[in-house]
Protein chains: 2
Amino acid sequence: MRIGQAALLSGVSARLIRYYEGAGLLSPAGRDANEYRVFDERNVHELRFIKRARALGFPIKQIEELLGLWRDKKRPSRKVRGLAERHVQAVTTRMQAHRAIIKVLGRLIEACKGDDRPDCPILDGLSLSDAHKR
Amino acid sequence: MRIGQAALLSGVSARLIRYYEGAGLLSPAGRDANEYRVFDERNVHELRFIKRARALGFPIKQIEELLGLWRDKKRPSRKVRGLAERHVQAVTTRMQAHRAIIKVLGRLIEACKGDDRPDCPILDGLSLSDAHKR
DNA sequence: GCTGACCCTTCCAACAGTTGGAAGGTCAAC
DNA sequence: GTTGACCTTCCAACTGTTGGAAGGGTCAGC
């Protein structure tokens, strides 16, 4: 099948498939007489794998590793788990940063009247040095 | 003062100060005879403002608006609050996405032995269609 | 045989924010 | 006169995805 069909079956845009190929994620797709890429069921399976891994926030580099482990029938599950744990750790850190932002900003927003007058604890909080102290 | 001093006082790297200027955030710092940028206390204050806003995750575009409101002594605090609320909403969405990822991935990790054998629910979850269903 | 619709190809650019480097000018101290 | 600490500009990288341009292939209907 060609790229359009693979895109349809995998849910990954033809555009992105080319990008993933360039990034070295796909087991090299062949070319037909017209230089069109040729895909098989296995490629579609890989694309679905990539799509789900992306949905879980894995960066391309790690998906490359994951695909390697996926293809290696003798991988130790320890490696997969380690990789996943590393990623969860990174996401957790980002989530906590978000939580902290929401906390601080939420407090400022609560304190702000939000009317026609110019007094604004939010702007004050942004201009003063340590305005978020409890 | 020149850019190095402004960087020191504001905590924003000279590099980044130039970028912010190019992005239109700073009220254009003047130039001396040698084309060196000249900064004053006000600029340093603005840079600190920008730094804190960035630390709260505001994108450059919104910081531009915030600075406009900050400078406008007759702004309605309603506008500031609206802007902040919009941002908190965006951050909340991202945080929830992170939380969902952690939930799904955490469940897969728990199920994975993490030993020398190849069986791995994580890889299974990434290859099968709806493996995260409860 | 021609035209139109649609698929495929490649290369370049943009998004956001920050950092890295290169190559050059200026000024003071030694 | 040379070192070194500043300053300047421009170009490029990071990440992932999408947009466009410009070109060729394939197949239908006419």
Side-chain angles (χ1 to χ4, degrees), chain A residues 1-26 28-40 43 46-47 49-67 86-87 90-91 93-94 97-98 101, chain B residues 1-26 28-40 43 46-47 49-67 86-87 90-91 93-94 97-98 101:
Chain A
M1 82 188 80
R2 289 181 300 195
I3 203 170
Q5 183 69 7
L8 202 66
L9 292 180
S10 65
V12 179
S13 72
R15 216 54 194 270
L16 216 34
I17 293 178
R18 293 194 195 96
Y19 173 77
Y20 289 153
E21 190 200 16
L25 293 190
L26 268 58
R31 297 298 181 111
D32 71 4
N34 291 323
E35 285 299 291
Y36 290 1
R37 288 170 182 81
V38 178
F39 298 86
D40 57 17
N43 296 129
E46 288 169 340
L47 285 168
F49 183 97
I50 294 170
K51 185 173 186 177
R52 286 189 211 104
R54 282 296 300 139
L56 289 178
F58 282 99
I60 301 289
K61 291 273 183 193
Q62 289 188 28
I63 295 180
E64 203 172 341
E65 297 182 54
L66 278 173
L67 277 167
R86 227 186 330 138
H87 178 53
V91 176
T93 301
R94 269 181 276 161
H98 284 337
I101 286 175
Chain B
M1 84 189 79
R2 288 181 300 195
I3 203 170
Q5 185 68 6
L8 205 65
L9 293 180
S10 65
V12 178
S13 72
R15 214 57 193 268
L16 216 35
I17 293 178
R18 293 194 195 98
Y19 173 77
Y20 289 154
E21 190 200 14
L25 293 191
L26 266 61
R31 300 296 181 111
D32 71 5
N34 291 323
E35 285 300 290
Y36 290 0
R37 287 170 182 80
V38 178
F39 298 86
D40 57 16
N43 296 132
E46 288 168 342
L47 285 167
F49 183 98
I50 294 170
K51 185 173 186 178
R52 287 190 210 104
R54 282 294 302 137
L56 288 179
F58 282 99
I60 302 290
K61 291 273 184 192
Q62 289 188 27
I63 295 180
E64 202 172 342
E65 297 182 54
L66 279 173
L67 278 168
R86 229 187 328 136
H87 177 54
V91 177
T93 301
R94 270 182 274 161
H98 284 337
I101 287 175

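A note on names: the letters A, B, ... follow the listed sequences, proteins ahead of strands, and every chain is numbered from 1. Computation of the quantities below employed the complete heavy-atom set of this structure, encompassing side-chain atoms and omitting hydrogens, waters and symmetry-equivalent molecules.
Here C:dC6 presents its C1' atom at 14 Å from CG of A:L8, a figure rounded to the nearest Å. Rounding to whole angstrom units, CD1 of residue B:I3 and C1' of D:dT8 are separated by 10 Å. Rounding to whole angstrom units, CD of residue B:Q62 and C1' of C:dG17 are separated by 15 Å. Separating the CD1 atom of A:I50 from the P atom of D:dG16 is a distance of 12 Å, rounded to the nearest angstrom. For the pair B:E21 CD and C:dT18 C1', the interatomic distance rounds to 17 Å; values are reported in whole Å. Between the NZ atom of A:K61 and the C1' atom of D:dG16 there is a distance of 13 Å, given to the nearest Å. As a whole-Å value, the separation of B:M1 CE from D:dA5 C1' is 19 Å. Atom CZ of A:F58 and atom C1' of D:dT15 are 17 Å apart (whole Å).
Sequence order on DNA chain D of the closest nucleotides to A:P59 and B:R18 puts B:R18 first from the 5' end. Mapping A:R37 and B:Y36 onto DNA chain C by nearest heavy atom places A:R37 closer to the 5' end of the strand.
With a 4.5 Å cut-off on side-chain heavy atoms, A:R94 and B:R94 do not count as touching. Counting heavy atoms from C-beta on, the side chains of B:L26 and B:F39 come closer than 4.5 Å.
Here the CG-CD distance, from B:N43 to B:Q5, works out to 13.0 Å after rounding to the nearest 0.5 Å.
When all heavy atoms of A:L67 and A:I50 are compared, the closest pair comes out as CD1-CG1, 3.9 Å. Heavy atoms only, all atoms of each residue included: A:M1 and A:D40 are closest at CE-C, 3.9 Å. Closest of all the heavy-atom pairs between B:A14 and B:A7 is N-CB, 3.7 Å. A pairwise comparison of heavy atoms in B:I17 and B:S10 identifies CD1-OG, 4.4 Å as the closest pair. Contact detail for A:H87 and A:L56: the closest heavy-atom pair is NE2-O, 2.8 Å.
At the heavy-atom level, A:R2 lies under 4.0 Å from the strands shown only through sugar-phosphate atoms.
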Which protein N or O atoms sit under 3.5 Å from an N or O of nucleotides 17-19 of chain D?
unit_1	atom_1	unit_2	atom_2	d
D:dT17	OP1	A:R54	NE	3.2
D:dT17	OP2	A:Y20	OH	2.8
D:dG19	N7	A:R15	NH1	3.0
D:dG19	N7	A:R15	NH2	2.7
D:dG19	O6	A:R15	NH2	2.4

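Here the side chain of A:R2 pairs no donor or acceptor atom with the backbone of A:A6 at under 3.5 angstrom.
Taking 4.0 angstrom as the limit, A:N34 places none of its side-chain polar atoms (N or O) nearer than this to OP1 or OP2 of C:dT9.
For the helix from C:dG1-D:dC30 to C:dC30-D:dG1, the terminal axes (five pairs an end, C1' atoms, rotation from four pairs onto the next four) enclose an angle of 40°, given to 10 degrees.
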